[in-house]
Amino acid sequence: MAIKAKKVQPAKAEAIAAAKAVLETGSDYIFADYRGLTVEQISALRKQLREKNCSFKVIKNNFARIAFEELKVEGVADYLSGPTAIALSSEDTNEVAKILYDFAKETPALEIKGGLIDNENYDAAKLEAFSKLPGKKQLIAMIMSTINAPVQKVAATLQAYVDKMSEGGEAAAE
């Protein structure tokens, strides 16, 4: 439960509204402890995440708690302790998780706390397993190639038959 003051200060209300606006941009959230990362490392991570249409934001924990409550997103309060950065994604979340885990292997200072994906809480172990799954686009490509394979075999067989008949037809004419 977020701590709310009896008298709301306008600056804090604006900060909460800004946090809420930022959190609305994503449907899936991955929480990480960024303590110990340099500015260059965070910038490099943000650049990698931007390629997947993901943002990596640092929001004050209390403001984030209140914003999540206003958005009616539950189960994230456990992740909002200590220095926390939030990766906001709306698609290809497993690829975002893969980027974060690959970056954490290179830079052990980044610690993945967990996430909220499709309104389901993922702890760090479950999120790591999720990151190893193929992405949505990869799955579609795999399905399409599986569907396309028998058709290609039939076409190749028919073409071989046509080629054989055309070779045999020329030999018979001579």
Side-chain angles (χ1 to χ4, degrees), residues 1-140:
M1 176 80 37
I3 302 168
K4 291 185 180 180
K6 293 180 182 178
K7 183 179 178 185
V8 179
Q9 297 175 1
K12 289 185 179 183
E14 290 174 12
I16 292 169
K20 184 178 174 183
V22 167
L23 293 174
E24 285 177 330
T25 62
S27 59
D28 298 331
Y29 311 99
I30 299 175
F31 302 91
D33 184 346
Y34 64 93
R35 186 181 356 209
L37 292 177
T38 64
V39 173
E40 292 83 19
Q41 291 170 330
I42 291 176
S43 297
L45 177 60
R46 283 184 170 148
K47 182 179 178 184
Q48 290 178 3
L49 291 172
R50 239 181 270 122
E51 293 172 1
K52 297 294 179 185
N53 295 324
C54 175
S55 59
F56 193 66
K57 300 288 183 180
V58 175
I59 302 172
K60 190 172 178 179
N61 289 338
N62 201 32
F63 295 162
R65 276 190 201 99
I66 294 170
F68 277 123
E69 283 178 8
E70 289 179 4
L71 292 172
K72 297 183 180 15
V73 176
E74 298 177 5
V76 297
D78 296 339
Y79 303 123
L80 296 172
S81 61
T84 304
I86 305 169
L88 304 150
S89 175
S90 55
E91 59 182 43
D92 296 334
T93 306
N94 64 329
E95 293 181 17
V96 171
K98 181 177 174 61
I99 290 170
L100 288 170
Y101 274 101
D102 289 346
F103 192 84
K105 285 178 188 173
E106 296 170 10
T107 313
L110 182 70
E111 179 186 332
I112 312 300
K113 295 181 177 183
L116 183 75
I117 300 168
D118 292 330
N119 293 324
E120 184 179 342
N121 278 322
Y122 283 58
D123 62 352
K126 190 174 179 180
L127 194 60
E128 185 173 10
F130 177 70
S131 72
K132 294 177 181 176
L133 294 174
K136 183 179 179 181
K137 292 177 183 175
Q138 291 171 330
L139 287 173
I140 290 171

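Please read all numbers here as calculations on a predicted model, not as lab measurements.
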Between [atom1] on residue [X] and [atom2] on residue [Y], distance to nearest 0.5 Å:
X: Phe103; Y: Leu45; atom1: CZ; atom2: CG; answer: 5.0 Å
X: Asn119; Y: Lys72; atom1: CG; atom2: NZ; answer: 13.5 Å
X: Phe68; Y: Leu23; atom1: CZ; atom2: CG; answer: 4.5 Å
X: Leu133; Y: Asn94; atom1: CG; atom2: CG; answer: 6.5 Å
X: Lys98; Y: Glu128; atom1: NZ; atom2: CD; answer: 11.0 Å
X: Ile30; Y: Cys54; atom1: CD1; atom2: SG; answer: 7.0 Å

Taking only residues two or more places apart in sequence, or in another chain, which ones meet [X] in a side chain to side chain contact (heavy atoms under 4.5 Å, CB included)?
X: Lys57; answer: Val22, Ser55, Ile59, Leu88
X: Lys60; answer: Phe63
X: Ala104; answer: Leu110

**Request:** State, with a plain yes or no, whether a side-chain heavy atom of Ile16 is found less than 4.5 Å away from one of Glu70.
**Result:** yes

Tell me every residue that passes side-chain hydrogen bond (donor to acceptor under 3.5 Å, both in side chains) with [X], counting only those two or more places apart in sequence or in another chain.
X: Asp33; result: Arg35
X: Arg50; result: none
X: Lys137; result: none

**Qualifying salt bridge (charged side-chain N to carboxylate O under 4.0 Å, His left out) pairs, either residue in residues 78-93, two or more places apart** = none

Nearest heavy-atom pair of [X] and [Y]: which atoms, and what distance?
X: Ala77; Y: Arg65; value: O-NE, 4.2 Å
X: Asn61; Y: Gly82; value: ND2-O, 2.8 Å
X: Ala109; Y: Leu37; value: CB-CD2, 3.9 Å
X: Ser89; Y: Val96; value: OG-CG2, 3.8 Å

**Asked** Going by the ring pair (Phe, Tyr, Trp, His ring centres under 6.0 Å) test, which pairs reach into residues 111-137, not counting sequence neighbours?
**Response** Tyr122-Phe130

**Complete:** Quick note, ring pair (Phe, Tyr, Trp, His ring centres under 6.0 Å) partners involving residues 72-92, not counting sequence neighbours, are Phe31-Tyr79

**Set of residues satisfying salt bridge (Lys or Arg N to Asp or Glu O under 4.0 Å) with respect to Glu120, sequence neighbours excluded** = Lys126

**Message:** Applying side-chain hydrogen bond (donor to acceptor under 3.5 Å, both in side chains) as the test, list every pair that has at least one member in residues 18-28; sequence neighbours left out.
**Reply:** Asp28-Thr93

**Item:** Pairs touching residues 100-114 that satisfy side-chain hydrogen bond (donor to acceptor under 3.5 Å, both in side chains), sequence neighbours left out
**Value:** Thr84-Lys113

